[in-house]
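One structure below.
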Amino acid sequence: MSEPMESVVTTAPPDVAERVEAVNWARVTAELDARGCATIENLLTDDECRSIAGLYSERSAFRSRVVMSSHGFGSGEYQYFDYPQPGLVAGLRTAIYPYLVSIANRWHESMRFDTRFPATHAEYLERCHNAGQRRATPLLLSYGPGDYNCLHQDLYGDHVFPLQLAVLLSEPGRDFAGGEFVMTEQRPRRQSRAEVVPLRRGDAVVFAVRHRPVRGKRGCYRVNLRHGVSRVRSGQRRALGVIFHDAS
Ligand SMILES: O=C(O)CCC(=O)C(=O)O
Ligand SMILES: [Fe+2]
């Protein structure tokens, strides 16, 4: 029992980078450009989902725990992983970043933001850390019956990488009901648009953290996005959040 857990905690499975490389990034990029979110099916195996979800009770793996109702964030709780990160989490962060950086840079150019992002996650983390954003942001969320996550944006300082992902670690229909991942998009002078993202266990959703560019008649404009989770009707739902900037 302890061996598979150990291997998840300390080292990334050797094929995580290959699995990330095998993702159809052209499709993911097209979906992100079209609507600000994209799913990746079967990013993690059932065993990996179980192992990561099971870490929730290992308090030493985390730097802090947040009870959402205490802050008006919703209901349920989450914990931020501490450095050193579990190998799988660190491995995903490192392997996925290079595929998102070109989208991030292109989006920033379209939205006329000055910041550009370096090619590797190590370089980007160095930038965050030098600016005082040194605390790890990947998190494990845990929801029970009646719990939900209010619409929000994961901003932790001036440095914001514009894309993040969440991986569902529980199986809808079996482990829980309800608890859909939701994204809303607020367009200037228009009503908001909601997107419900269907996920199965092991699937990831990649999505815009705060803004994305939309092409209009007179060039690109920026829209404002938020994400959250609808009420869990029954059962237990866990998810892994991977955010690329660190926190101050
Ligand atoms: O529970 C989820 O699916 C989403 C959690 C979330 O807000 C995040 O990963 O940033
Ligand atoms: Fe979030």
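Read the numbers this way: they start at 1 and go in the same order the structure lists the ligands and their atoms. Any value given below was found using the heavy atoms of this structure, including those in side chains, with hydrogens, waters and symmetry copies removed.
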Contact with ligand 1 for Y78, non-hydrogen, under 4.0 angstrom: no
On the 0 to 90° scale, with breaks at 30° and 60°, tag the Y97-Y124 ring pair as parallel, tilted or perpendicular. parallel
How about E109: does its CD atom have over 12 heavy atoms from other parts shown lying under 6.0 Å from it? no
Among all the protein's non-hydrogen atoms, which is closest to atom 8 (C) of ligand 1, and how far away is it? H227 NE2, 3.8 Å
Residue-atom pairs from the protein, N, O or S only, that lie under 2.8 Å from the Fe ion (ligand 2): H152 NE2, D154 OD2, H227 NE2
Which donor-acceptor pairs under 3.5 Å do the side chains of residues 214-224 make with protein atoms, sequence neighbours left out?
from, atom 1, to, atom 2, distance (Å)
R222, NH2, M111, O, 3.3
N224, OD1, Q153, NE2, 3.0
N224, ND2, Q186, OE1, 3.4

Residues S170 and D175: side-chain donor-acceptor under 3.5 angstrom: no
Does NZ or CZ of R237 come closer than 6.0 Å to the centre of the six-membered ring of Y143, within 45° of the ring's axis? yes
Can you tell whether the side chains of E171 and R200 come within less than 4.0 Å, N to carboxylate O? yes
Using a 4.0 Å heavy-atom cut-off, which part of N149 comes near ligand 1: side chain, backbone, both, or neither? side chain
Examine L92 and I103 and state if one hydrophobic cluster contains both, with Ile, Leu, Val, Met, Phe, Trp and Tyr joined whenever side-chain heavy atoms are less than 4.5 Å apart. yes
Would you call the rings of F161 and F244 parallel, tilted or perpendicular, taking 30° and 60° as the class edges? perpendicular
In terms of atom number and element, which parts of ligand 1 are under 4.0 angstrom from non-hydrogen atoms of Y143? 1 (O), 2 (C), 5 (C)
Have a look at I243, L139, L141, L140 and point out the one with the heavy atom closest to atom 5 (C) of ligand 1. L141
Are there over 12 heavy-atom neighbours, none belonging to D46, within less than 6.0 Å of that residue's CG? yes
At less than 4.0 angstrom from any non-hydrogen atom of A239, what atoms of ligand 1 do you find? 1 (O), 2 (C), 3 (O)
Test: R50 and E48 ion pair at under 4.0 Å: no
Considering only the protein, which heavy-atom contact is closest to atom 9 (O) of ligand 1, and what is its distance? G241 CA, 3.4 Å
Please identify which atoms of ligand 1 are closer than 4.0 Å to at least one heavy atom of V229. 1 (O), 2 (C), 3 (O), 4 (C)
Heavy atoms only: give me the nearest H245-D154 pair and the separation to one decimal. NE2-O, 2.9 Å
I'd like to check which ligand 1 atoms, numbered from 1 as shown, lie under 4.0 Å from a non-hydrogen atom of H152. 7 (O)
Taking atom 3 (O) of ligand 1 as the reference point, the nearest protein heavy atom with its distance: R237 NH2, 2.8 Å
Identify, for atom 10 (O) of ligand 1, the protein heavy atom at the shortest distance, and state residue, atom and that distance. D154 OD2, 2.8 Å
